[in-house]
Amino acid sequence: MAREYRMKSARSKPGSSQGISGIDYEAELNAQQYAVVRSKPGPALVIAGAGSGKTRTLTHRVAWLLDQGEDPGKILLLTFTNKAAREMIERVEQLIPSDVSALWSGTFHSIGNRILRRHAEDLGYTRSFSILDRDDQKAMMKQVIKELPLDTGGAASKRFPKVDVLISIFSLSENTCESIDDVVEYQFPQVARWIEEIKSVHRSYQARKKQNNSMDFDDLLVQTLKLLQQHDDLRSLYQRKFRHVLVDEYQDTNRVQCDLIDLLVGDRQCLMVVGDDAQSIYSWRGADMDNILSFHKKYPDAEVFKIETNYRSVPEVLELSNAAIRPNRVQYEKELRAVRDGGAMVPALVPLDDPSFQAEFVAERIEELIGEGLEPSDIAVLYRAHYQSMEIQMELTRRKVPFQITSGLRFFEQAHIKDVSALIRLVVNPRDEVSFKRVALMLPGVGDKTADNLWRAWSACELGQGISVPESFSPIMLTFRVPAKAKDSWQQLCYTLDELVVDGGFARPSDMLFSILEGVYDDYMRASFDNYEHRKQDIEQLMEYGEGFDDVLEFLAQLSLMSSVDGDPQKNQRKEDDESVMLSSIHQAKGLEWKVVFLVWLADGMFPNGRVLETGDEQMFEEERRLFYVAVTRAKDQLYLTYPMTNPKSYTGEYMMRPSRFLDAIPDEMTEEWKVSSW
DNA sequence: GAATGTACAGTTTTT
DNA sequence: CTGTACATTC
């Protein structure tokens with residue numbers, strides 16, 4: 001007698017199509033995708049056209065590796081946004097039964113953060129370093145400028161670049177590894193006369209960050225790179241750890257990110273990068289398309305794959321997309337093929353009299369489509385710049401068409417959220433000057449001056465050094481001199497801080513938030529904001545979110561790193577979002593798709609942008625065209641290209657608008673012109 | 001701190 | 001032209 005018993009968990013033989021997961025890769029993927037997924041280890045470049053199943057391919061590749069018996073802990077998956085990271089890991093989990101929690105996946109910044117927390121001491125930081133967001137950066141920069149012996153008061157100081165400009169300069173310099181001199185000379189010539197002062201601000205800013213045990217977003221990349229460059233042992237540790245590195249949206253990586261990848265990959269070269277050069281639209285923040293274009297120079301043995309079958313759009317839309325990008329000189333040649341059937345609506349080209357008429361047309365057509373049974377969430381209106389959505393917002397509001405818009409303050413960046421997290425940050429990292437001052441300024445009668453004095457007192461005493469977690473704060477802090485007006489709330493504050501530490505450690509995040517709300521912040525909110533109720537709900541929301549964390553460091557890092565739309569804990573609960581028309585900038589529409597897309601303001605000077613046309617910079621112009629390409633490739637079924645023929649409100653005095661020159665590249669027969677009249 | 005005046009921009013924005 | 005951001009002033 002014999003019995004055949006087959007272990008479900010048995011390791012698959014290498015090379016076989018099926019592994020433990022039982023996924024039939026060959027059946028689930030098309031030939032091009034399958035070739036990528038089962039490719040041998042080694043450098044690989046995947047050129048993935050719009051709508052070609054890029055995420056699908058990448059997630060299957062990860063599943064494949066795991067199926068081959070690879071240890072999840074040896075895989076690093078880098079994405080551009082948190083949302084993409086989350087989506088990716090969820091889909092891998094759905095594909096494969098194995099536990100993937102050991103797999104490292106996330107944005108470059110979050111991975112940098114993760115590495116830096118472990119080795120912060122090697123760089124002269126502590127592991128509880130603070131992360132500065134844009135707001136914090138601004139605050140610190142202002143402080144730094146105030147303290148520098150720059151020419152103040154006179155007419156000369158009037159035109160000293162604003163902090164926003166300085167932050168942009170520094171950030172671009174960090175991300176592209178170019179000197180401040182070069183960045184200013186080529187990208188910000190209007191402030192070139194201040195070059196020495198700018199460099200001096202930069203030096204002080206860098207020093208101050210270190211002194212305050214704080215890193216900005218750029219540091220999360222740059223310092224990680226530095227750490228691994230300088231410490232051979234750590235470098236080889238991580239090189240050995242990550243046997244497979246996969247990178248999504250490679251066309252949008254900048255120099256630092258690219259260097260970081262190369263360094264992590266080391267000689268083993270088990271690197272798979274996926275991207276679409278035609279969708280590179282972030283050069284203005286340091287992305288270098290050359291990374292993807294000359295990948296083969298750095299990795300001569302790289303296998304190059306193209307996945308060009310488009311599952312998203314009807315052929316009518318896809319042909320137009322192909323035509324739209326064709327005139328660009330700098331690109332990998334590819335031709336997307338549609339699998340969907342033809343016979344759909346030919347993309348509409350709609351000239352309108354003026355912007356408000358354009359808005360009326362868009363709104364009316366949207367109403368019609370919804371009347372025909374389309375869900376509002378199947379429809380999007382895309383534009384080059386947010387201000388171009390104004391008329392449409394008004395028109396949709398007037399007609400009571402539900403819409404949502406991808407702009408405005410993000411949840412974690414709102415003042416009240418930042419206020420409460422400043423208190424936590426201060427306890428965790430007592431050298432965090434920005435947070436200290438934010439907290440101090442909440443006290444009545446305390447302005448810049450008093451805040452500064454308090455900071456001095458604080459940083460002079462043991463509490464402010466942050467050597468160890470103190471048992472309590474009040475005994476020392478109550479001895480500080482505060483204005484009479486602030487006396488009571490200062491006391492409250494001190495006792496509240498006491499509650500944030502327990503037994504020589506930090507309280508749990510949600511408990512901290514509770515103490516802060518009860519101790520000081522509720523009163524403050526009542527006094528300072530007219531929409532108290534609303535803000536209180538936000539804090540409660542935050543407390544709920546905090547329940548998911550035991551480690552306060554992790555909680556804080558998450559707050560900073562997810563300070564974006566996708567981290568909004570409210571988001572998932574707002575059901576209306578699923579039932580509304582999307583208004584979005586093209587940048588934010590990347591990676592998304594809708595049945596119906598309206599692309600508005602397609603007039604020369606609006607899109608392509610007038611400034612880009614003025615400079616005559618070919619590279620920038622081609623990026624505009626890629627943006628156009630990204631926009632049109634979002635549409636699944638219907639595409640409307642609209643433009644106003646006049647712009648009465650133009651401040652440049654240009655009254656007549658000409659159709660966007662991008663439309664010149666589209667053969668007439670690919671669109672149908674709609675002649676819209678109001679009567 | 002509120003009120004008033006002045007200069008200047010007027011793309012995109014994640015982490 | 002107009003809203004914003006900053007500085008100055010009381």
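The sequence lines fix the lettering, A, B, ..., with proteins before strands; numbering per chain opens at 1.
Look at CZ on A:R384: it is 13 Å from P on B:dG10, rounded to the nearest Å. In this structure, the NE2 atom of A:H386 is 13 Å from the P atom of B:dT11, given to the nearest Å. Whole-Å rounding puts the A:D133 CG to B:dT14 P distance at 12 Å. Atom pair A:K590:NZ and B:dT13:P shows a separation of 13 Å (rounding to whole Å applied). The interatomic distance linking A:D252 (CG) with B:dT14 (P) rounds to 13 Å, in whole Å. A:I131 places its CD1 atom 16 Å from the P atom of B:dT14, with the value rounded to the nearest Å. B:dA9 atom C1' lies 12 Å from atom OH of A:Y387, rounded to whole Å. Between the CG atom of A:L382 and the C1' atom of B:dT12 there is a distance of 13 Å, rounded to whole Å.
For the pair A:S560 and B:dT15, the criterion of a side-chain N or O lying under 4.0 Å from OP1 or OP2 is not met. Within the structure, every side-chain polar atom (N or O) of A:Q588 is placed at least 4.0 Å from both OP1 and OP2 of B:dT12. In this structure, A:Y282 does not reach the B:dT14 phosphate: none of its side-chain N or O atoms is under 4.0 Å from OP1 or OP2. In this model, the phosphate group of B:dT13 is not approached by any side-chain N or O of A:R134 to a distance below 4.0 Å at OP1 or OP2.
Considering CG of A:N175 and CG of A:D218, their distance stands at 4.5 Å, rounded to 0.5 Å. In this structure, CG on A:N82 lies 12.5 Å from CD on A:E87, to the nearest 0.5 angstrom.
For A:K162, counting side-chain heavy atoms from C-beta on, the closest listed nucleotide (B:dT11, B:dT12, C:dC6) is C:dC6. Of the candidates B:dT15, B:dT12, B:dT11, B:dT15 carries the atom nearest the A:N82 side chain, counting heavy atoms from C-beta on. With distances taken from any side-chain atom of A:T81 to the nucleotides B:dT15, B:dG10, B:dT12, the minimum falls on B:dT15.
An aromatic stacking contact between A:W284 and the base of B:dT13 is absent, as defined here by ring centres under 5.5 Å apart and ring planes under 30° from parallel.
A ring-centre distance under 6.0 Å is not found for A:F607 and A:W601.
Under 4.0 Å is where a charged nitrogen must lie from a carboxylate oxygen, and between A:R611 and A:E614 no such pair does. Ionic pairing of A:R658 and A:D604 is not present here: no N-O contact between side-chain nitrogen and carboxylate oxygen is shorter than 4.0 angstrom.
At most 12 non-hydrogen atoms from other residues, nucleotides or ligands lie less than 6.0 angstrom from CD of A:Q619.
Going from the P atom of C:dT4 to that of B:dT11 covers 14 Å, rounded to whole Å. Rounded to the nearest Å, the gap between the P atom of B:dT12 and that of C:dA5 is 14 Å.
You won't find any donor-acceptor pair under 3.5 Å spanning the side chain of A:R285 and the base of B:dT13, going by distance alone.
Mapping A:V612 and A:G447 onto DNA chain B by nearest heavy atom places A:G447 at the nucleotide closer to the 5' end. Judged by closest nucleotide on DNA chain B, A:E623 is the one of A:F108 and A:E623 placed further toward the 5' end.
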